[in-house]
Amino acid sequence: QVQLVESGGGLVQPGGSLRLSCAASGRIFSIGVMGWYRQAPGKERELVADITRGGSTNYADSVKGRFTISRDNAKNTVYLQMNSLKPEDTAVYFCYARVVLSASLNVNDYWGQGTQATVSS
C-alpha cells in the first residue's frame, strides 16, 4: 500500500557529510511523524531524529548539533543531513513514516528498507 524508498548512504571519512532522503509513495492521504532510526552491528535499533508534519523536531543526544532532519510535505519526503560524521555513526539507517491511508483513513506505520552509512578513514 505504501512504500518508503531511501537513498544517499555511502562511505565517508570522519568529519565528512552525507544527506539521506526517503520518499513515500502509494495510497497516502497524509503523513504524520516521519523519522530516521539506525542500527549498528550488534546493537538495537535507535531513534536518530524525527519530525512532525508541522516541523517540530526531536534528536538523539548523540547527534544534536551535527544532524538536521527536514521534510517536504508536498513530496512526502524526509531528509537527514549528517555533518561532522564519526565512526560511531556507522549503521544502517531506516526511515519511518506514520501514514494515514487514503480511502480507509486507517493509520499504519511504515519502514524503509535501510541504507548503509559507513564512516571510516
Side-chain angles (χ1 to χ4, degrees):
Q1 290 178 317
V2 174
Q3 299 79 40
L4 271 61
V5 178
E6 298 132 334
S7 60
L11 172 64
V12 65
Q13 293 185 342
S17 298
L18 285 173
R19 179 177 169 87
L20 306 182
S21 300
C22 173
S25 62
R27 299 181 178 184
I28 298 170
F29 177 77
S30 68
I31 302 178
V33 65
M34 302 183 81
W36 291 92
Y37 285 68
R38 67 185 180 187
Q39 187 165 20
K43 295 187 177 181
E44 294 186 352
R45 189 174 296 190
E46 63 175 0
L47 174 68
V48 177
D50 59 26
I51 183 168
T52 67
R53 185 172 183 82
S56 296
T57 59
N58 175 50
Y59 293 93
D61 288 343
S62 59
V63 306
K64 283 181 180 177
R66 300 188 298 122
F67 291 10
T68 302
I69 189 170
S70 61
R71 63 189 283 174
D72 184 331
N73 291 330
K75 296 181 179 180
N76 290 331
T77 299
V78 63
Y79 306 95
L80 186 67
Q81 178 67 44
M82 305 189 293
N83 298 329
S84 302
L85 283 161
K86 305 175 181 180
E88 51 263 44
D89 294 317
T90 295
V92 178
Y93 285 74
F94 298 89
C95 71
Y96 155 86
R98 178 154 290 174
V99 178
V100 179
L101 299 173
S102 60
S104 68
L105 299 184
N106 289 335
V107 179
N108 288 344
D109 295 339
Y110 292 90
W111 293 86
Q113 79 285 357
T115 184
Q116 177 71 45
T118 302
V119 185
S120 175
S121 54

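Contact detail for A49 and Y59: the closest heavy-atom pair is CB-CD2, 3.5 Å. Here the closest heavy-atom approach between residue A117 and residue L18 is recorded as CB-CD1, 3.9 Å. Residues T90 and Q116 approach most closely at CG2-NE2, 3.9 Å, considering heavy atoms. Nearest heavy atom pair, residue N108 against residue L101, reads ND2-CD1, 3.4 Å. Closest approach of G9 and L20 over heavy atoms only: N-CD2, 3.6 Å. In this structure, V78 and C95 approach most closely via the heavy-atom pair CG1-CB, 4.5 Å.
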Checking Q39 against Y93 for the side chain to side chain contact (heavy atoms under 4.5 Å, CB included) test, could you report, in this order, the C-alpha distance in whole Å, the side-chain angles of both residues, the deciding distance, and whether it holds?
CA-CA 7 Å; Q39 187 165 20; Y93 285 74; over 6 Å; no
Chi angles and distances behind the side chain to side chain contact (heavy atoms under 4.5 Å, CB included) call for W36, C22
CA-CA 9 Å; W36 291 92; C22 173; 3.7 Å; yes
Evaluate L47 against N58 for side chain to side chain contact (heavy atoms under 4.5 Å, CB included), listing each step before the verdict.
CA-CA 9 Å; L47 174 68; N58 175 50; 3.5 Å; yes
Report the C-alpha distance between V12 and T118 in whole Å, list the side-chain angles of each, state the deciding distance to 0.1 Å, and finish with yes or no for side chain to side chain contact (heavy atoms under 4.5 Å, CB included).
CA-CA 6 Å; V12 65; T118 302; over 6 Å; no
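Between Y37 and W111, a ring centre-to-centre spacing shorter than 6.0 Å is recorded.
Each salt bridge (Lys or Arg N to Asp or Glu O under 4.0 Å) pair with one or both residues in residues 87-100, not counting sequence neighbours, appears once here: R38-D89, R66-D89, R98-D109. Under the salt bridge (Lys or Arg N to Asp or Glu O under 4.0 Å) criterion, no residue pair touches residues 4-30, with sequence neighbours excluded. Sorted by first then second residue, the side chain to side chain donor-acceptor pair (under 3.5 Å) pairs that include residues 73-86, not counting sequence neighbours, are S17-N83, R71-N73, Q81-N83.
A distance of 7.0 Å separates OG in S121 from CD in Q13, rounded to the nearest 0.5 Å. Rounded to the nearest 0.5 Å, atoms CG (L80) and CG (D50) are 11.0 Å apart. Once rounded to the nearest 0.5 Å, the distance linking CD1 of I51 with OG of S56 reads 8.0 Å.
Under a hydrophobic-cluster definition in which Ile, Leu, Val, Met, Phe, Trp and Tyr are linked whenever side-chain heavy atoms come within less than 4.5 Å, directly or via other members, V33 and I31 are assigned to different clusters. Two different hydrophobic clusters hold V99 and F94 under the rule that ILVMFWY side chains link at heavy-atom gaps under 4.5 Å. Connection of V100 to M34 is not established within any shared hydrophobic cluster, with ILVMFWY side chains joined at heavy-atom distances below 4.5 Å, either directly or through further cluster members. Residues V92 and V48 do not share a hydrophobic cluster, clusters being chains of Ile/Leu/Val/Met/Phe/Trp/Tyr side chains in contact below 4.5 Å.
Two residues are said to be in side-chain contact when any heavy atoms from C-beta on lie closer than 4.5 Å; P87 and S120 fail this criterion.
A donor-acceptor contact closer than 3.5 angstrom links the side chains of Q1 and Y110.
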